[in-house]
Number of protein chains: 2
Amino acid sequence: MSPRSGADLALLLLGGYRNLVDEVVRELAARGFPDARPAHEYAMRAIQAGADNASELGRRLAVTKQAAAKTIAALVDRGYVTTVESPVDARRKQIQLTEHGLALMREGAAIFDEVRARWEERLGADELARLETQLTRLVGDSPIDVNAPGWAAQGTS
Amino acid sequence: MSPRSGADLALLLLGGYRNLVDEVVRELAARGFPDARPAHEYAMRAIQAGADNASELGRRLAVTKQAAAKTIAALVDRGYVTTVESPVDARRKQIQLTEHGLALMREGAAIFDEVRARWEERLGADELARLETQLTRLVGDSPIDVNAPGWAAQGTS
DNA sequence: AAGCATTCGTCAACCAGGTTGTCTTTGTCA
DNA sequence: TGACAAAGACAACCTGGTTGACGAATGCTT
């Protein structure tokens, strides 16, 4: 039993991610956010955590500023984000979550946590915590750095 | 300490997958397969496991037959796969790995296993095995079904 | 044997989320 | 003041998918 090849491990990680994210997107659609995409969640988390322009957002998500600008355009389109001119730097276009954007974040976090709770039931709290700890040890050097002060304070309940 | 929100868990899974796959692609490039993409690995695993035409490949990878056909075209382009007319069904185009394709699979499996070995060093064999077991319990119902008789017999050493 | 439904592959158009490269505008600093 | 760095925008392109429409081959039923 058990996979135990490196390639299988990759498939497990990807599968876990997909299971989780697919469900969140599906649920978000059912709860009034039919146009939310996975990438939006992450971008908005980074914005909430302090990325207030395209270049900075790109840095935090480890993508180019052009890619970040496209994502921002999509978010503005959908009404999750607005841009305002920076009073201090005429080059900058500051971005902010709208009320609608904040509502999406609250709902998204709630769904993520519901899925996590189901996983906790399946594995037991200890085992899930252990799994997260070990994953953190493996992934500590990930380039995706969305978690900065600001996010945690938001509350995910 | 520790993340412990559902969204953080998603990021961990994605981060782990990316770390692993990025390294494999980078190493494959260094070892003579500069044109190998992550999707190729999975498609070729499915082919090796018995998917011998575009429609079947699509089913196993949980994508449309059109997407599978594009992947096959890319693999043929790169010399990893060849197609032959089916003797029994004139509609079918059978696909097979070439020698070059088999070489890629061997090298890819070896690299995956090297990374896994490094993770094992970092976590300890027990902890990594435990992590894989728990992930398997969470992901058992993944739609990606690449593992069928045929692959395991190939040997990944 | 005929007729119909299914399956296989393919074409075309499109989308999401990225990339590189080039450019203008604006800011900073020596 | 002049050189350089940084922000945003534009264009072209790539990968890996999607839908929809289709003809040709096959299989199933009557």
Side-chain angles (χ1 to χ4, degrees), chain A residues 14 17-18 21-22 25-26 28-29 34-47 51-78 80-95 143-144 146, chain B residues 14 17-18 21-22 25-26 28-29 34-47 51-78 80-95 143-144 146:
Chain A
L14 179 59
Y17 172 75
R18 277 211 195 163
V21 167
D22 286 356
V25 169
R26 208 180 321 118
L28 275 175
D35 54 3
R37 314 263 333 126
H40 299 163
E41 266 273 332
Y42 299 117
M44 291 171 71
R45 280 186 80 181
I47 294 168
D52 77 332
N53 63 77
S55 294
E56 177 58 24
L57 180 59
R59 278 190 290 269
R60 298 222 194 184
L61 298 177
V63 300
T64 59
K65 59 183 178 176
Q66 292 93 325
K70 280 195 195 180
T71 303
I72 292 171
L75 291 173
V76 170
D77 263 12
R78 289 163 167 80
Y80 294 131
V81 151
T82 48
T83 64
V84 299
E85 301 294 317
S86 162
V88 342
D89 186 339
R91 290 170 308 177
R92 267 185 168 77
K93 258 191 190 171
Q94 274 179 225
I95 53 184
I144 304 174
V146 140
Chain B
L14 179 59
Y17 172 74
R18 279 211 194 162
V21 168
D22 286 356
V25 170
R26 209 180 319 118
L28 275 176
D35 54 2
R37 314 262 335 125
H40 299 164
E41 266 274 330
Y42 298 117
M44 292 172 70
R45 282 186 79 179
I47 294 168
D52 77 331
N53 64 76
S55 295
E56 177 58 25
L57 181 58
R59 277 190 291 268
R60 298 222 195 182
L61 299 177
V63 301
T64 59
K65 58 181 178 175
Q66 292 94 323
K70 281 194 195 182
T71 303
I72 292 171
L75 291 173
V76 170
D77 262 13
R78 289 162 166 81
Y80 294 131
V81 150
T82 48
T83 64
V84 300
E85 302 294 319
S86 162
V88 345
D89 186 338
R91 290 170 307 177
R92 268 187 167 77
K93 258 190 190 171
Q94 275 179 225
I95 53 184
I144 305 174
V146 141

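The distance between atom CG of B:D35 and atom C1' of D:dG16, rounded to the nearest whole Å, is 16 Å. Remark: P of C:dT26 and NZ of A:K93 are 13 Å apart, rounded to the nearest angstrom. Distance CG (B:L75) to C1' (D:dG16): 13 Å, rounded to an integer number of Å. Whole-Å rounding puts the B:R92 CZ to C:dG9 P distance at 7 Å. Rounded to whole Å, the distance from CG on A:D52 to C1' on D:dA6 is 14 Å. In this structure, the NE2 atom of B:H40 is 12 Å from the C1' atom of D:dC14, given to the nearest Å. Distance, A:Q66 CD to C:dG21 C1': 9 Å, rounded to whole Å. What separates CD of A:E56 from C1' of D:dG8 is a distance of 15 Å, to the nearest Å.
In the set D:dG8, C:dT19, D:dG17, the nucleotide with an atom closest to the side chain of A:N53 is D:dG8.
Of all heavy-atom pairs between B:H40 and B:A74, the closest is NE2-CB, 4.1 Å. Scanning all heavy atoms of the two residues, the minimum distance from A:A43 to A:T71 falls at CB-CG2, 3.7 Å.
A donor and an acceptor atom never sit less than 3.5 Å apart when one is taken from the side chain of B:R37 and the other from the base of D:dT15.
Looking at A:R45 and A:E41, no side-chain N of the basic residue comes within less than 4.0 Å of a carboxylate O on the acidic one, giving no salt bridge.
A:R78 contributes a side-chain N or O that, together with a main-chain N or O of A:D35, makes up a donor-acceptor pair within less than 3.5 Å.
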Run the side chain to side chain contact (heavy atoms under 4.5 Å, CB included) test on B:E85 and B:Q94 for me, step by step, so that the C-alpha distance in whole Å, both residues' side-chain angles and the decisive distance to 0.1 Å come before the verdict. CA-CA 6 Å; B:E85 302 294 319; B:Q94 275 179 225; over 6 Å; no
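Position along DNA chain C of the nearest nucleotide to A:A39 versus B:Q94 favours B:Q94 as the more 5'-ward residue.
Across all strands, A:A67 comes closer than 4.0 Å to base atoms (heavy-atom distances). Backbone-only engagement by A:S55 is indicated by non-hydrogen atom pairs under 4.0 Å involving sugar-phosphate atoms exclusively.
Contact check, B:K65 against D:dT18: no side-chain N or O comes under 4.0 Å of OP1 or OP2. For C:dC8, the OP1/OP2 oxygens have a side-chain nitrogen or oxygen of B:R59 closer than 4.0 Å.
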